[in-house]
Number of protein chains: 2
Amino acid sequence: MTLLEQLQLELAGLSKSERKVGEMILASPEATLHKSIAMLAKEADVSEPTVNRFCRTMGAKGYPDFKLQLAQSIARGTPYVNRHVEQNDSTQGLVEKIIESTMASLNITRASLDIAAMEKTIEALTRSHRISFFGLGASASVAHDAHNKFLRFATPVQFSDDVLMQKMAAINATKNDVMVFVSHTGRTKALCEVAAIARQSGATVIGITSTESPLAEECSLVLATHVPEDTDVYMPMASRIAQLVLVDVLVTGFTLKQGPELQEKLRLIKATLRDSRYEKRT
Amino acid sequence: MTLLEQLQLELAGLSKSERKVGEMILASPEATLHKSIAMLAKEADVSEPTVNRFCRTMGAKGYPDFKLQLAQSIARGTPYVNRHVEQNDSTQGLVEKIIESTMASLNITRASLDIAAMEKTIEALTRSHRISFFGLGASASVAHDAHNKFLRFATPVQFSDDVLMQKMAAINATKNDVMVFVSHTGRTKALCEVAAIARQSGATVIGITSTESPLAEECSLVLATHVPEDTDVYMPMASRIAQLVLVDVLVTGFTLKQGPELQEKLRLIKATLRDSRYEKRT
DNA sequence: TGGTATTTTGTAATTAAATTACATTTTATT
DNA sequence: AATAAAATGTAATTTAATTACAAAATACCA
């Protein structure tokens, strides 16, 4: 947990004056970094020792130490909510904001990921005789990506972003099949139906989606990516990245499970592909 | 660029004593945070004002200010090199490492991105009468993703991961076309050929690829993502993420250029899509 | 409700830290 | 080898942070 989150949480439990200090800091964390203890005290309308006591309450050794922790906390995740893109942002600002919120969502994913489910998924993929990746609309590209990555192994893989094809595949699935469904919201009716069919066929159904969604309920294993997002105007972008990273982890885990003999094979594939490339002049 | 990288760079240009200070800090950046100017001076075997001058040389207002910047710099990117995945990593470790290196590559992208090229690309897309996204193999999913995102606008969009289709499209392109080519290495022969054709047809050719690649030379604009990667065994994963973020920036910039009337339309699309979803129970 | 105990807050004094001004040393240059 | 310029250090000064203690506010109990 970051310092700011912790502060937000403990705010209610603080004494009146210390709370004033806390609110002041939460109001503009970055500005606080450039304030001396005297300035902050004056602005929060409390005495300097109060600020000092506040810092100690928050677990810091003193005011300078608190500022250091604050600086790190700010630098790490996105301060609060995602900084929103605004109409008259510069391109530079756009880049900063988008990258920042992407990184924030990665942080959330890291913190909230269910490792056990991840391990079981890798297990299941390893045992599987055939792997399928399904997604619709925006999530299709994640499934597509996963498909590409798994193409390099011996296990047959398929991918589809077409509901009818997906249904047929689901109907024909057996208990040796692993079917991975990608959906940001987990509320796309068509995809849920396919997942239900897959489950009835006895396949291992895995969801890369948000928890507590209809899709999640059809799944034996859920890899959750509950990234809050302003779904109003801009599309779910950060969450896509989180999904892709999960796919990366799956592939990597899968690769490692195969042991060294496979890695030799991977090198072979690389070498083969090299022929279709222009050499790098050194 | 982070403070530590900058320090590494400027180290040679510093005077003897200031360099001692710099080396001391590079040796253990985190430890420095808990040192007073006196302690640091003593350990580096210089006087206190030298440390102070060092801080000013590095662009800080003074020692405390320098420490704050240092704290942020440490908190941000992955400390130094990418940590590599190893055979007997735990799943937890896998997740950590992959997310960390992804974040590191995002940081690099942020720092090295050519903002001017980005702006020109957004301009070009805005003026364009038709937009195409092409990629092969692993990069196809990025192109696919871009296609999805641009589908929401009035400008016609197309996507292909098939060389023949791409060639046909390239032949039929006009100067009102913008064609975006995605390729990690920029060395896939087939894609370079298509880009060459597109250029001959008069289209604006844009590359999301690495600089100094054959593909880049065919492009009017290059959005570079030179992410170093151990291409040996594991696939280029982090770079994919960087490419996707670039696409995100493009879409967002494009959206903002459209002005408010479009945002209304986007809401409409959202509302329409909602019918194909299960409602969220509140 | 009034009085006491406890907690909270502020004032003033103290200590610690950082900065500045200036002197000295070192290094480069002719 | 002498001088100018740069680099570094010493000591004084200023600024910031902390501590000790007193005053005010709040809670508690008869």
Side-chain angles (χ1 to χ4, degrees), chain A residues 3 6-74, chain B residues 3 6-74:
Chain A
L3 186 65
Q6 190 198 335
L7 173 53
Q8 182 80 55
L9 226 73
E10 289 183 22
L11 200 64
L14 294 174
S15 73
K16 202 178 356 170
S17 296
E18 290 191 17
R19 196 171 332 126
K20 277 202 262 181
V21 179
E23 279 162 3
M24 197 72 218
I25 293 167
L26 282 173
S28 56
E30 7 242 316
T32 308
L33 294 181
H34 303 292
K35 289 178 193 160
S36 71
I37 197 170
M39 283 164 88
L40 182 55
K42 200 170 142 209
E43 289 180 28
D45 194 31
V46 296
S47 70
E48 298 182 23
T50 300
V51 175
N52 204 287
R53 280 188 286 262
F54 166 85
C55 295
R56 285 186 159 73
T57 310
M58 295 303 299
K61 260 177 65 187
Y63 182 69
D65 185 48
F66 177 82
K67 281 216 292 191
L68 281 177
Q69 288 187 232
L70 182 63
Q72 301 205 40
S73 169
I74 289 172
Chain B
L3 186 65
Q6 190 199 335
L7 173 53
Q8 183 79 57
L9 226 73
E10 291 184 20
L11 200 62
L14 294 175
S15 73
K16 202 183 347 174
S17 296
E18 292 193 15
R19 197 173 329 127
K20 277 201 259 180
V21 179
E23 280 163 3
M24 197 73 218
I25 293 168
L26 281 174
S28 56
E30 5 243 316
T32 309
L33 295 181
H34 302 292
K35 289 177 192 161
S36 71
I37 196 170
M39 284 162 86
L40 182 56
K42 200 171 142 208
E43 289 180 29
D45 194 31
V46 297
S47 70
E48 299 182 23
T50 300
V51 175
N52 203 287
R53 281 187 285 261
F54 165 85
C55 296
R56 285 187 157 74
T57 311
M58 295 304 297
K61 259 177 65 187
Y63 183 67
D65 185 49
F66 177 81
K67 280 216 294 190
L68 281 176
Q69 289 185 232
L70 182 62
Q72 302 205 40
S73 168
I74 290 172

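In what follows, chains are A, B, ... by sequence order, proteins preceding strands, each numbered from 1. Since this is a predicted model, take the numbers as computed values, not measurements.
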Nucleotide nearest [X] (side chain, heavy atoms from C-beta), chosen from [options]:
| X | options | result |
| --- | --- | --- |
| A/K16 | C/dT11, D/dT26, D/dA17 | D/dT26 |
| B/S47 | C/dT19, D/dT8, C/dT9 | D/dT8 |
| B/E18 | C/dA17, D/dT8, D/dT10 | D/dT8 |
| B/T50 | C/dT19, D/dA16, D/dG9 | D/dG9 |
| A/V46 | C/dG10, C/dT19, C/dT27 | C/dG10 |
| A/P49 | D/dA17, C/dG10, D/dT8 | C/dG10 |

Rounded distance (Å) that lies between atom [atom2] of [N] and atom [atom1] of [X]:
| X | N | atom1 | atom2 | answer |
| --- | --- | --- | --- | --- |
| B/L33 | C/dA17 | CG | P | 16 Å |
| A/M39 | D/dA16 | CE | C1' | 12 Å |
| A/K67 | C/dA18 | NZ | P | 11 Å |
| A/Y63 | C/dA17 | OH | P | 17 Å |
| B/F54 | D/dA6 | CZ | C1' | 19 Å |
| A/I37 | D/dA16 | CD1 | P | 11 Å |
| B/E48 | C/dA17 | CD | P | 10 Å |
| B/H34 | C/dA17 | NE2 | C1' | 17 Å |

Measure centre to centre between the rings of B/F54 and B/F66, then say whether the value is under 6.0 Å. yes
Looking only at side-chain N and O atoms, does [X] come under 4.0 Å of OP1 or OP2 in [N]?
| X | N | value |
| --- | --- | --- |
| A/S15 | C/dT9 | yes |
| B/R56 | C/dT20 | yes |
| A/N52 | D/dT18 | yes |

Base, sugar-phosphate or nothing for B/R19? Non-hydrogen atoms, less than 4.0 Å. nothing
Output yes when a side-chain donor or acceptor of B/T57 lies under 3.5 Å from a complementary backbone atom of B/R53, and no otherwise. yes
Both A/R53 and A/K35 contact DNA chain D. Taking the nearest nucleotide for each, which residue is further toward the 5' end? A/K35
Compare every heavy atom of A/L68 with every heavy atom of B/K67, then report the nearest pair and how far apart it is. O-CD2, 3.7 Å
Does any part of the side chain of A/R56, heavy atoms only, come nearer than 4.5 Å to the side chain of A/Y63, both counted from C-beta?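 Contact flag for A/Y63/A/R56 side chains = no.
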pair A/L40-A/V46: side-chain heavy atoms closer than 4.5 Å: no
